[in-house]
Amino acid sequence: MSDLKSEAAALEEQFTQAITDAESLDALEQVRVAALGKKGRVSELMKGLGKMSPDERKEAGPLLNGLKARITEAITTRQDVLHDAALTVKLEQERVDVTLPVATPDAEQGRIHPNSQVIDEIVAIFADMGFDVKEGPDIETDEYNFNALNIPPEHPARQMHDTFYFHEQEDGSRLLLRTHTSPVQVRTMRSEEPPLRFIAPGRTFRCDSDQTHTPMFHQVEGMVIDKETHMGHLRWTLEEFCKAFFEVDSVEMRFRPSYFPFTEPSMEVDVRCDRSGKDIKIGQGDDWMEILGCGMVNPNVLKASNLDPEIYQGFAFGIGIDRLAMLKYGAPDLRAFFDGDARWIKHYGFSPLDVPSLYGGLSR
Ligand code: 2U9
């Protein structure tokens, strides 16, 4: 028994010291396991109780239980001290400086590109008139980009389009980057039944580059096809569009005869404006500014997509987005639109939280 007493006293001294020396909760846990864990020194001693005689156990039991209780308490006390210390350090490190300016949320830090803004505005205007929005691939075939639009292989319009072609395929055909969004109309006419009423915004490509042309640019084209769709509908639709887009109550428009292979008759459309000041004022002044092209869908184009021109007719129009964005938001050089310069987008970009709508305002 005196052996056990001295062993218990030695263990108590050893573990009390180790507990005091533990500088972290992890180190303290290691001490606890070494003393009180399943195979800990104190636990091992307690296992010996079972083999003792009742008299021995009477003395050894309270001795070992007392040892266990004091070590447990010492660990708990040390745990509290270490916890408090860790909390103090954490509070010190995570101190909030309430005098700092409020951080801008991520969603407000980004900017919407003027092109995206103009596309969103145009979509809002036409959606209000009941138009769907359709999209198609950037990479197209000759058939969808040219043939189906009444532009056969030797047609001079093919030269005007400065097409980017891919390398020849095994069957001798070549894919291309669409030169307009018109293939979307062809795909829609071939896959859906009239009445059709939709716009097709998107990227388009032509091998052309100067201050007002970039090899990649954006268009929105629109199409309406029904049994009795006529030029009056075309004119009203475009007038409503212009008033909404330029945010004016009235606008004067001029329809000049023009030529496109896919429309007949074809027209280019100008709006009355005043360019004498710094900004272009729409709807007043003596100047005219061209903003879009349009026409009645050529019967050959309807036929090429299996629509009977004796039953159906429709109108179509095309708008150059980038030029419209430059005009409305006063950016001078189109090339800067695609440079990815953060200073430019900070100046010309829009808040992502101001979504254009006819009721909430198109632009702010
Ligand atoms: C189909 C039938 C008709 C789309 C049209 C224009 C007139 C037009 C230009 C405007 C500025 C292109 O970006 S721009 O240079 N577009 O003038 N686009 S009619 O007519 C179509 C399209 C598809 C099946």
Side-chain angles (χ1 to χ4, degrees), residues 115 118-119 122 126 131 134-136 140-141 143-151 155 157 160-163 177-192 194 196-210 212-226 229 231 233-235 237-238 241-242 245 253-271 289-307 309 312-327 334 337:
N115 272 336
V118 166
I119 291 175
I122 294 177
F126 280 103
F131 284 64
K134 308 242 180 236
E135 290 182 310
E140 272 293 0
T141 59
E143 169 65 13
Y144 285 123
N145 196 79
F146 290 125
N147 295 339
L149 289 154
N150 199 32
I151 313 175
H155 197 286
M160 279 160 45
H161 279 222
D162 299 318
T163 314
L177 288 174
R178 66 179 181 187
T179 59
H180 41 195
T181 55
S182 314
V184 178
Q185 280 94 297
V186 176
R187 286 170 181 277
T188 307
M189 285 191 294
R190 290 183 183 190
S191 62
E192 292 179 29
L196 300 174
R197 185 164 40 165
F198 63 95
I199 56 170
R203 262 191 278 277
T204 47
F205 307 84
R206 290 184 199 180
C207 188
D208 200 353
S209 188
D210 60 36
T212 52
H213 295 88
T214 47
M216 188 276 299
F217 59 106
H218 299 80
Q219 285 189 340
V220 172
E221 290 194 348
M223 165 172 263
V224 172
I225 293 190
D226 206 344
T229 304
M231 293 250 290
H233 297 134
L234 168 62
R235 191 177 152 179
T237 304
L238 293 178
F241 163 70
C242 278
F245 181 77
M253 298 175 82
R254 183 167 79 175
F255 288 72
R256 276 181 293 109
S258 183
Y259 171 79
F260 306 111
F262 27 79
T263 45
E264 181 59 37
S266 303
M267 290 149 283
E268 282 172 308
V269 180
D270 307 328
V271 287
M289 185 175 62
E290 185 186 325
I291 54 155
L292 57 87
C294 62
M296 299 306 293
V297 178
N298 190 310
N300 290 337
V301 170
L302 293 172
K303 269 187 247 166
S305 290
N306 312 314
L307 292 178
Y312 292 113
Q313 54 191 16
F315 66 78
F317 54 88
I319 307 172
I321 298 295
D322 314 60
R323 209 176 83 85
L324 226 48
M326 288 172 82
L327 271 174
L334 184 58
F337 274 53

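Order of appearance sets the numbers: ligands from 1, and atoms from 1 within every ligand.
At a heavy-atom cutoff of 4.0 Å, ligand 1 is contacted by the side chain of M223 but not by its backbone.
Considering backbone and side-chain atoms alike, Q219 places an N or O below 3.5 Å from some N or O of ligand 1.
Near G320, meaning under 4.0 Å from any of its heavy atoms, are these atoms of ligand 1: 11 (C), 13 (O). Near L149, meaning under 4.0 Å from one of its heavy atoms, ligand 1 places the atoms 1 (C), 23 (C), 24 (C). Every atom of ligand 1 is numbered from 1 in the order shown, and the set under 4.0 Å from a heavy atom of F260 is 7 (C), 8 (C), 17 (O). Near C294, with a cut-off below 4.0 Å to any heavy atom, the atoms of ligand 1 are 7 (C), 19 (S). Distances below 4.0 Å separate heavy atoms of M189 from the following atoms of ligand 1: 24 (C).
The backbone N or O of R203 sits less than 3.5 Å from a side-chain atom of R178, completing a donor-acceptor pair. No side-chain donor-acceptor contact under 3.5 Å links T179 to the backbone of T163. A donor-acceptor contact shorter than 3.5 Å is absent between the side chain of T229 and the backbone of V224.
Ring geometry, F241 versus F126: the interplanar angle falls under 30°, so the pair is classed parallel (tilted spans 30 to 60°).
Looking only at side-chain heavy atoms (C-beta outward), I122 and V118 come within less than 4.5 Å of each other. Between V220 and T181 there is no side-chain heavy-atom pair separated by less than 4.5 Å.
Closest to atom 16 (N) of ligand 1 among all protein heavy atoms lies G318 CA, 3.6 Å. Nearest non-hydrogen protein atom to atom 22 (C) of ligand 1 is Q185 NE2, 3.2 Å. Summary of contacts: the protein heavy atom closest to atom 3 (C) of ligand 1 is A316 CB, 3.4 Å.
For the pair R206 and F217, the NZ or CZ position fails the cation-pi test of under 6.0 Å to the six-membered ring centre and within 45 degrees of the ring normal.
In this structure, V301 has a heavy atom closer than 4.0 Å to ligand 1. Judged by the shortest distance from any of its heavy atoms, E221 lies inside the 4.0 Å radius around the atoms of ligand 1.
Taking each of F262, F217, Y259 in turn, the one with a heavy atom nearest to atom 5 (C) of ligand 1 proves to be F262.
Around the CD atom of E135, the shell of radius 6.0 Å holds no more than 12 heavy atoms that belong to other residues, nucleotides or ligands.
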